[in-house]
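All ligand and atom numbering here is 1-based and tracks the order in the structure. Residue numbers start at 1 and run along the sequence shown.
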Amino acid sequence: MKQWRERLKEKKRIVVKIGSSSLQHPETGDMDYIRLEVLVRELCNLKNQGKDVVLVSSGAIAQGKKAVHPDPSHMEKNPIAVKQACAAVGQARLMMTYQKIFAEYNQVAAQILMTRHTVDNDMNRVNAQNTFEELLYMGVIPIVNENDTVATHEIEIGDNDTLSAIVASMIGADLLILLSDIDGLYTDDPRTNPEASFVETVEHLDRHFLQMGKSSTGSGVGTGGMSTKLTAARIATASGADMIIANSRDIRIIHRLVEGRNLGTLFLAEKQENFDLPAFVGGLHEKHDSKGETS
Ligand code: GLU
């Protein structure tokens, strides 16, 4: 509906999430500098309109692997340690690249790395909230990722769709944009079901929509799928933010969305005054843990 898209123009605090597959060349897995550059330009332009902007960026593990080429047999023996070492290398590389490009637009960027403790420990959460507030007040663009180097299963959030919604909730954002390799929500998987139809707006995120979640995007990179996007939508909308799933094929979609154009799937905010973020996130992991999944 037109008026819902129109109100996107008024958003003041925007979180944008981009996944690993949207930042790299599919042929090689190496960073796509043109896409990174366009992303940074779009974010700086939102900032120049007086909006607060936060970026949640994946890519640490993928870029670390590209840098150190871990030995496959070693990786098989120590998968977690190798992944964490790769994240340590890749996160630094990713930030170095972001810092350089943001600097070209005279924009200061900061790094915030989180784990599940940042949500469920009251002191950590309040500290993180204060840091975000201060950075945004200073006009800085925070770049957030999971702290993959220390986050093993027990303390990990697990995917950046959920992480970005947690960030949106913690900072009281009014819009979360999830950039992905799909156009948005379909009634079924469009790659396998030609009858699947596109959902433009989700006014009320009920069981009917939640069942449309599928567990894979098919890109083979990153950890997000439609089910994590719907979890993100539950957190974001209950916290009072609109959320959009949109295709990152052309990253300039960011400004088109904020101009109110009818692209992607828009989930309307339905603020629940008693929404308890730590309890919700704790509940997600209890479910995973009891099923023995490694998420
Ligand atoms: N935190 C991971 C990384 O930066 C990615 C998680 C995700 O894509 O959801 O490599």
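- Annotation for ligand 1: atoms under 4.0 Å from non-hydrogen atoms of D159 are 9 (O).
- Of the N or O atoms in A60, one or more lie within a sub-3.5 Å distance of an N or O in ligand 1.
- Contact analysis puts G59 in contact with ligand 1, with a non-hydrogen atom separation below 4.0 angstrom.
- Looking at E146 next to ligand 1, no N or O pair under 3.5 Å apart turns up.
- We find the CD1-OG distance between I18 and S180 to be 9.5 Å, quoted to the nearest 0.5 Å.
- By the side chain to side chain contact (heavy atoms under 4.5 Å, CB included) test, A109 is found to be paired with Q99, F102, I143, residues two or more places apart in sequence or in another chain being considered.
- Using a 4.0 Å cut-off between heavy atoms, I61 contacts ligand 1 through both its backbone and its side chain.
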Check your understanding: Given the rule in the side-chain contact (heavy atoms from CB on, under 4.5 Å) test, do V54 and V144 qualify, once you have shown the distances and angles that lead to the verdict?
Key -> CA-CA 8 Å; V54 174; V144 186; 3.8 Å; yes
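- Under the rule for a side chain to side chain contact (heavy atoms under 4.5 Å, CB included), the partners of D174 that lie at least two apart in sequence or sit in another chain are K11, K12, R13.
- Where the criterion is an N or O separation shorter than 3.5 Å, residue side chain and backbone included, N160 meets it with respect to ligand 1.
- A salt bridge is defined here as a Lys NZ or Arg NE, NH1 or NH2 lying under 4.0 Å from an Asp or Glu carboxylate O, and R7 with D242 meets this definition.
- Separating the OG1 atom in T162 from the CD atom in E156 is a distance of 10.5 Å, to the nearest 0.5 Å.
- Considering backbone and side-chain atoms alike, S57 places every N or O at 3.5 Å or more from each N or O of ligand 1.
- Close contacts between ligand 1 and S58 involve ligand atoms 4 (O), 5 (C), 7 (C), 8 (O) [criterion: under 4.0 Å to a heavy atom].
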